[in-house]
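I have a structure here, written as structure tokens, and I will follow up with some questions on it.
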Number of protein chains: 2
Amino acid sequence: MANHDPDLTDGLFQLSFLLLSRLTRIAGDHDLSVVQVRLLGILRDREPGMLELARYLDLEKSSLSGLVDRAEKRGLVERIPSTDDRRAATIRVTARGRKLTRTVADAVHAEIDALAAPLPDADRKRLAALVWQVLPAEKK
Amino acid sequence: MANHDPDLTDGLFQLSFLLLSRLTRIAGDHDLSVVQVRLLGILRDREPGMLELARYLDLEKSSLSGLVDRAEKRGLVERIPSTDDRRAATIRVTARGRKLTRTVADAVHAEIDALAAPLPDADRKRLAALVWQVLPAEKK
DNA sequence: TATTGTTATACTCTATAACTATA
DNA sequence: TATAGTTATAGAGTATAACAATA
């Protein structure tokens, strides 16, 4: 009955795929892809240039162009031309994008809370603490 | 200094994206995509039909056709025509696919072990147990 | 009629390479 | 020359709808 020594790697990937699948569905409910949600999430508290954004998302700068194009076309973000470097622009989330970000974030939170709800409160806290301990410093 | 009450949802998604990024890189080292790795992983101990496989991967059956086509073209899997239902086929991993699956799985395991290595042994076990507790029964 | 699977089509996402404009 | 960003192109992955073959 008791899982003796369940494998950490397998469990983490099972959980990752489950979370990703939930996120994909929630994003899809708002006509967003997972990467668009990540983009919006990054823009919550930053106004990065394209190269910086590419680094955050671990994408080539060329991949960013289309991504930002599609988000801009939907009025979720805007390109703000830099005043001091006429090659550069920063990407800023619009009011509409910010609203959508909040909506999606709330839905995601509710979903994950429900997933973890069966755990006793102390275990949920322990899990959160352990997860954050595994994350490398630059992700925190 | 101490993260007081770090958010569970945020931590889990940070970790999920980190794991996914590691998996993407490892898969790419072997010219595989993440979904191809998942496909191979499922075939380790099953020989499902296309519809069954679609259900495992949470994809439309039409998406499976191309996925399996590409894997078959590389000699990683093969379509075995069903003997009792001439519409149907099962998907079987080849010897070559099995070997590649092991290689990738080993690399992934090593990578995640390294990631979790800073944790004391007891904490690693606790983390694994908690993760498995969050997973719904059908994933175990 | 229902089911298994493929095909046609369209879109998103991604990379590489070549390019433009500015520094 | 170097840097910020876009464009051209190609391919994987995905879905919807229509289809073929078999049950």
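Values reported hereafter were calculated over all heavy atoms of this structure, with side chains retained and with hydrogens, waters and symmetry mates removed. Lettering follows sequence order; numbering is per chain, from 1.
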Side-chain H-bond candidate by donor/acceptor type, B:Arg46 with B:Tyr56, under 3.5 Å: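 Yes, a side-chain donor-acceptor pair sits under 3.5 Å.
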
salt_bridge(A:Asp121, A:Lys125) N-O dist < 4.0 Å: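 The answer is yes: the pair qualifies as a salt bridge.
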
Minimum side-chain heavy-atom gap A:Leu40-A:Val104 below 4.5 Å: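 The answer is no; the side chains never approach within 4.5 Å.
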
Any B:Arg87 side-chain nitrogen or oxygen under 4.0 Å from OP1 or OP2 of C:dT3: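 No, B:Arg87 has no side-chain N/O under 4.0 Å of OP1/OP2 on C:dT3.
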
Atom-to-atom span, CD of A:Glu60 to P of C:dA18 - whole angstrom: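 Rounding to the nearest Å, CD of A:Glu60 and P of C:dA18 are 15 Å apart.
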
Pair A:Asp58 + A:Arg38: basic N to acidic O under 4.0 Å: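 No salt bridge links A:Asp58 with A:Arg38.
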
Distance in angstrom units between A:Leu39 CG and C:dT14 C1', rounded: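 For the pair A:Leu39 CG and C:dT14 C1', the rounded distance is 15 Å.
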
B:Leu15 vs A:Leu19 side-chain heavy atoms within contact, under 4.5 Å: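 Side chain of B:Leu15 against side chain of A:Leu19, heavy atoms only: no contact under 4.5 Å found.
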
B:Leu76 and B:Val93, any side-chain heavy atoms less than 4.5 Å apart: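 Of all side-chain heavy-atom pairs linking B:Leu76 with B:Val93, none is under 4.5 Å.
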
Residue mapping more 5' on DNA chain C - nearest nucleotide basis, A:Val35 or A:Asp85: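 In this pair, the answer is A:Val35.
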
First and last nucleotide of DNA chain D, 5' to 3', lying under 4.0 Å from heavy atoms of chain B: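 Using the under 4.0 Å cut-off, the span is D:dA12 to D:dA23.
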
Protein-nucleotide distance (B:Lys73, atom NZ; C:dT6, atom P), rounded to Å: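 Answer to the nearest Å: 13 Å.
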
Comparing A:Leu32 and B:Glu52 on DNA chain C - which has the more 5′ nearest nucleotide: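 Going by which nucleotide is closer to the 5' end, it is B:Glu52.
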
Sugar-phosphate only, base, or nothing, as touched by A:Asp31 at under 4.0 Å among non-hydrogen atoms: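 Here A:Asp31 touches no strand at all.
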
Interatomic distance where CZ belongs to A:Arg38 and C1' belongs to C:dT14 [whole Å]: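 Going from CZ in A:Arg38 over to C1' in C:dT14 covers 13 Å.
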
Polar contact flag, side-chain donor to acceptor under 3.5 angstrom, A:Thr94-A:Glu78: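 The criterion, which ignores hydrogens and geometry beyond distance, is not satisfied for A:Glu78 and A:Thr94.
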
Carboxylate-amine/guanidinium proximity below 4.0 Å for B:Glu111 and B:Arg25: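 The answer is yes: the pair qualifies as a salt bridge.
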
Under 3.5 Å side-chain donor-acceptor pair for A:His109 and B:Asp10: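 Note: A:His109 and B:Asp10 side chains miss the donor-acceptor criterion.
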
Positions of residues 61-72 of chain A (non-hydrogen atom under 4.0 Å from DNA chain C), listed by number: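 Nucleic-acid contacts, sorted: A:Ser62, A:Ser63, A:Leu67, A:Arg70.
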
